[in-house]
> 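The structure is given below, and queries will be raised subsequently.
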Amino acid sequence: MKPIHWLAVIPFIGMLVGPAVHNEVDPLILGMPFPLGWISVWVVLTAIIMAVVYLIDPANREDAQ
Amino acid sequence: MTAALALIALAALAALLLGVVARAGRDMDLEQWAVGGRGFGWILVFLLLAGEIYTTFTFLGASGFSYGLGAPVYYILAYGSLAYVIAYFLLPLVWSYARQHGLHSQPDFFVRKYASPTLGVLVSVVDLVALIPYLVLQLTGLGIIVTAAGYGAIPRDAAIWIGAAIVTVYIMMSGIRGSAYTSVVKDILILGVVLFLGIYLPLHLYGGIGPMFEKIAAAKPGFLVFPASGQSVAWFISTVLLTAIGFFMWPQSFAASYTAKDARVLRRNAIVLPIYQLILLFVFFVGFAAVLQVPGLKGGDTNLALFKLAAQQFSPAVVAVIGAAGVFTALVPGSLIAMTAAMLLAKNLIGLARPEATDDQTVALAKWLVPVVMLVAVYFTLTGNATIVAMLLVGYSFVTQLFPAVIASLMPRNPATPAGAFAGILVGMVVAAVLTFPSARCSPPCRKRSATSTSASSRLPRISSRWSSSAR
């Protein structure tokens, strides 16, 4: 594991912690019940985090050569 | 009715043509047929992985699960995304090893890594036990979709036979390319249909997503949050973690990674697929929209929530378009499953008995095993076999047992021996089976009681719970 790879741990924590600490309908997130809205936001954040990992990961440059 | 018939026939024909055209003058040798010459760019790999992920479940199961059980459905959105994070690291390693050693199936990976054909046999058995019921599930879903979309005018059994025949023809001719190409139409159709339904229905019926959830929360308190027991928050966390781990242990997804032309293709998909996964959110919306609109569906009928609501709101022509998209969601994943099963049968089971077989002989055998696999699946689909239903429940748990052996084998020095991997997978399967079927671990009186609960009436809900247990 290169240091940048540890970023990939964040989605696991983020995704699971929301419903665990606040399992209530309100406040709605983007009109959705809190747990569903929280998970949806983290799906997008997961993609963003993995994009950052992808861009920084030296493996993707080694392959290019 | 004629509109439905025409549109669904058109969809089936389009699938057949695209699947056959995918061959495009290529000589379908083993490398081309099984792994697309290991030359797929990110879009084809994306289509293969997405095609395999959005199945009849997307149409029937996810909406039915939202409708029937509420909040627990949220887990599906969470585990898929985390599975792709794991895939970012896992698939490139699997891919480069497969390329280096010319692997064609998931059992190949174990045979080579552990230098043990016996382990390959065990993995093949695990794979078949998971794959065949899963294929049956797609054909069952196809039957349900065609019946619902055609308002009963299209005979179910005929639809299943035709669907199976189409898949057989284009997979025999085009191999994995056939799956990837038919995915193009499938994904466009499903994207259009699901986004339309998921946005239009809440807006039209409730005035928006927020008002819809507020009304449901008022009418059914507790429905939109995880319950205190059963499918609780603890269930959510453990299920998300376990299913994320098992996701790419499914042999068809594992081996689909072999088609990539380089490792970056696979890593890039780890970014794109979570976003694509958001489509499921709109399927949830449809299911939730149905809660107050078509109340009273029970058990297996919850899988019809989407079609019941659509039939109530739209003309038969629109329902037929939904049905056409639904046909693709059965055919495309079904084709990859059938190909994967035929491939591992030919190479890792029958191939063991004829080690002198050339690649050309292996692929010829695999092609002719496709109709055999499909016939078996059609037989189980039409007879509604109870064992198959039971196998569906444990399929995901079974393939997940492969994970430790895969991870160990990817370490610089594999800490696991072939015997250890074999024992681990076998014991894991037994534990999964015992935990899934309580009847197997209790004394005769208890067994008698659970036997009565497996009556025909409870089979459909069981199928629906399999749909519920996996978004694949």
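Chain naming here is simple, since letters A, B, ... match the order of the sequence lines and numbering starts at 1 in each. Values below: all heavy atoms of this structure, side chains included; hydrogens, waters and symmetry mates excluded.
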> Please find the pair of heavy atoms, one from B:P274 and one from A:V43, that lie closest to each other, and give the distance.
O-CG1, 3.0 Å
> Closest approach of B:F213 and A:G31, non-hydrogen atoms and distance?
CD1-O, 3.2 Å
> Please examine the side chains of B:L281 and A:L36, heavy atoms only from C-beta on, and report whether any two atoms are closer than 4.5 Å.
yes
> Is it the side chain or the backbone of A:T46 that comes within 4.5 Å of chain B heavy atoms, both, or neither?
side chain
> Can you confirm whether B:F236 sits close enough to A:P35 that some side-chain heavy atom of one is under 4.5 Å from a side-chain heavy atom of the other?
no
> Please round to the nearest 0.5 Å and tell me the distance separating atom CD1 of A:I29 and atom CD1 of B:I209.
14.0 Å
> Measure across B:R267 and A:A59 and return the closest heavy-atom pair with its distance rounded to 0.1 Å.
NH2-CB, 3.6 Å
> Less than 4.5 Å apart, any side-chain heavy atom of A:H5 and any of B:F89?
yes
> Measure across B:I271 and A:A51 and return the closest heavy-atom pair with its distance rounded to 0.1 Å.
CD1-CA, 3.5 Å
> Non-hydrogen atoms of chain B under 4.5 Å away: do they reach the side chain of A:L16, the backbone, both or neither?
both
> Rounded to the nearest 0.5 Å, how far does CG of B:L278 lie from CD1 of A:I39?
11.5 Å
> In Å and rounded to the nearest 0.5 Å, what is the OH to CD1 distance from B:Y88 to A:I49?
13.0 Å
> Among residues 408-416 of chain B, which residues come closer than 4.5 Å to chain A, judged by heavy atom distances?
none
> Go through the atoms of B:A217 and report whether side chain, backbone, both or neither lie under 4.5 Å from a heavy atom of chain A.
side chain
> Heavy-atom distances under 4.5 Å only: say whether B:V225 touches chain A with side chain, backbone, both or neither.
both
> Is the number of heavy atoms from other residues, nucleotides or ligands under 6.0 Å of A:L30 CG greater than 12?
no
> Salt bridge (charged side-chain N to carboxylate O under 4.0 Å, His left out) with B:R38: which residues, sequence neighbours excluded?
B:E31
> Calculate, to the nearest 0.5 Å, the distance between atoms CG and CZ belonging to A:N60 and B:R268 respectively.
8.5 Å
> Under the side-chain contact (heavy atoms from CB on, under 4.5 Å) test against A:M15, which residue among B:L82, B:L241, B:V85, B:L77 passes?
B:L82
> Is B:F223 in contact with chain A via its backbone, its side chain, both, or neither, using a 4.5 Å heavy-atom distance?
neither
